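Just so we're clear, the structure is a prediction, and the values are computed from it rather than from any experiment. Just so it is clear: chains get the letters A, B, ... in the order the sequence lines come, proteins before strands, and each one is counted from 1.
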Protein chains: 2
Amino acid sequence: MMPFKEMTRLDKLIHEPARLAIMSALDACTMAEFLFLQELTGLTKGNLSSHLSKLEKAGYVAISKQFVRKKIPHTTIRISHEGKTALHNYWEQLDRIREVTKQWQKKGI
Amino acid sequence: MMPFKEMTRLDKLIHEPARLAIMSALDACTMAEFLFLQELTGLTKGNLSSHLSKLEKAGYVAISKQFVRKKIPHTTIRISHEGKTALHNYWEQLDRIREVTKQWQKKGI
DNA sequence: TTAACCAGTTTGTATTATAAACCAGAGCGG
DNA sequence: CCGCTCTGGTTTATAATACAAACTGGTTAA
């Protein structure tokens, strides 16, 4: 009935474009390497790193570091179950809001 | 083909939830009074004021102040043509990105 | 040995969303 | 008339945060 208030309650962690890109990519790939993710999103390394740790802290992704030939670090990121549901909820919420907004437009307030 | 990079180029002025709410409300109502807008969005006065001036500076809304009985201020906000197209472009861009993202999911990278 | 490179992390900065404080006038109560 | 509160906002302050630049620790190349 009042979709506009709902908008301000969108999950900000997912809403941020960079993280929305990361989460969407991971939702498609399930798992990805750091550099691959960087290429997909076009983010700088530092940027990607900090966004990832925010997502990790929220439990939306799991980050694991392997060492190739015991030397070169290789970070792989995978989306968690919570992450998937959070992303889907986000889109659903946005859809719902948008649908109601369209109704409003037809009614003319 | 690479929808994730596109996400980081979404119009940030519109993307911000508070302003998305404002713009959506105005898109539906065409014109609204300050206090009505505040009620619709649930924002505090200060918050709404600062978001509005950002939107005004961008040319997305036009703000005009009348004085009722020459004394009490009454601010009415209306969405501009640019504002409407910017909002529509935003949704279109988001839809397009989302569509391509779904394709990716089906293909499995 | 030094230079360049890989794979990231940490630090710094500049922006900005939000709330709190403020302001000017209006309409009371006493 | 003098405070007091209400209306309708604006300005200021702060806390978060997006982003890039600088850094780290190890590796290969010259």
Non-hydrogen side-chain atoms of B:F36 and B:T76 separated by less than 4.5 Å: no

5'-most by nearest nucleotide on DNA chain C - B:G46 or A:T76: A:T76

Sugar-phosphate, base or nothing in reach of A:L43, heavy atoms under 4.0 Å: nothing

All side-chain contact (heavy atoms from CB on, under 4.5 Å) counterparts of B:Q38, not counting sequence neighbours: B:F34, B:L35, B:K45, B:L48

Atom pair distance, as rounded to whole Å: CD in A:Q38 and P in C:dC6: 12 Å

Main-chain N/O of B:S49 paired with B:S53 side-chain donor or acceptor, under 3.5 Å: yes

Rounded distance (Å) that lies between atom P of C:dA7 and atom CD1 of A:I77: 13 Å

Carboxylate-amine/guanidinium proximity below 4.0 Å for B:D95 and A:R98: yes

4.5 Å side-chain heavy-atom contact, B:E16 and B:K12: no

With sequence neighbours excluded, residues passing side-chain hydrogen bond (donor to acceptor under 3.5 Å, both in side chains) with B:Q93: none

Nearest to side-chain heavy atoms of B:T44, which nucleotide of C:dA19, C:dT9, D:dT10: C:dA19

Donor-acceptor pair between B:T101 and A:S24 side chains, under 3.5 angstrom: no

Side-chain donor/acceptor of A:H15 to backbone N/O of B:H15, under 3.5 Å: yes

Value in whole Å for how far the P atom of D:dT10 lies from NE2 of B:H74: 13 Å

Residues within residues 48-58 of chain B bordering DNA chain C, heavy-atom distance below 4.0 Å: B:S50, B:H51, B:K54

Worked check of side-chain contact (heavy atoms from CB on, under 4.5 Å) between B:L20 and B:Y90: CA-CA 10 Å; B:L20 187 57; B:Y90 172 80; 3.9 Å; yes

Presence of B:N47 side-chain N/O under 4.0 Å of C:dA19 phosphate oxygens OP1/OP2: yes

Helix axis bend for the helix from C:dT1-D:dA30 to C:dG30-D:dC1 - C1'-based end axes, five pairs, 10° rounding: 20°

Nucleic acid contacts - residues 9-19 of chain A versus DNA chain D, non-hydrogen atoms under 4.0 Å: A:E16, A:A18, A:R19

Within residues 78-87 of chain A or reaching into it, pairs that qualify as side-chain hydrogen bond (donor to acceptor under 3.5 Å, both in side chains) - sequence neighbours excluded: A:D27-A:K84

Separation of D:dA18 C1' from A:L20 CG (nearest whole Å): 15 Å

Phosphate OP1/OP2 of D:dC6 contacted by B:K45 side-chain N/O (<4.0 Å): no

Salt bridge flag under 4.0 Å for residues B:E6 and B:R9: yes

Whole-Å distance separating the CG atom of A:L35 from the P atom of C:dC5: 15 Å

B:T75 side chain near D:dG9 phosphate (N/O to OP1/OP2, under 4.0 Å): yes

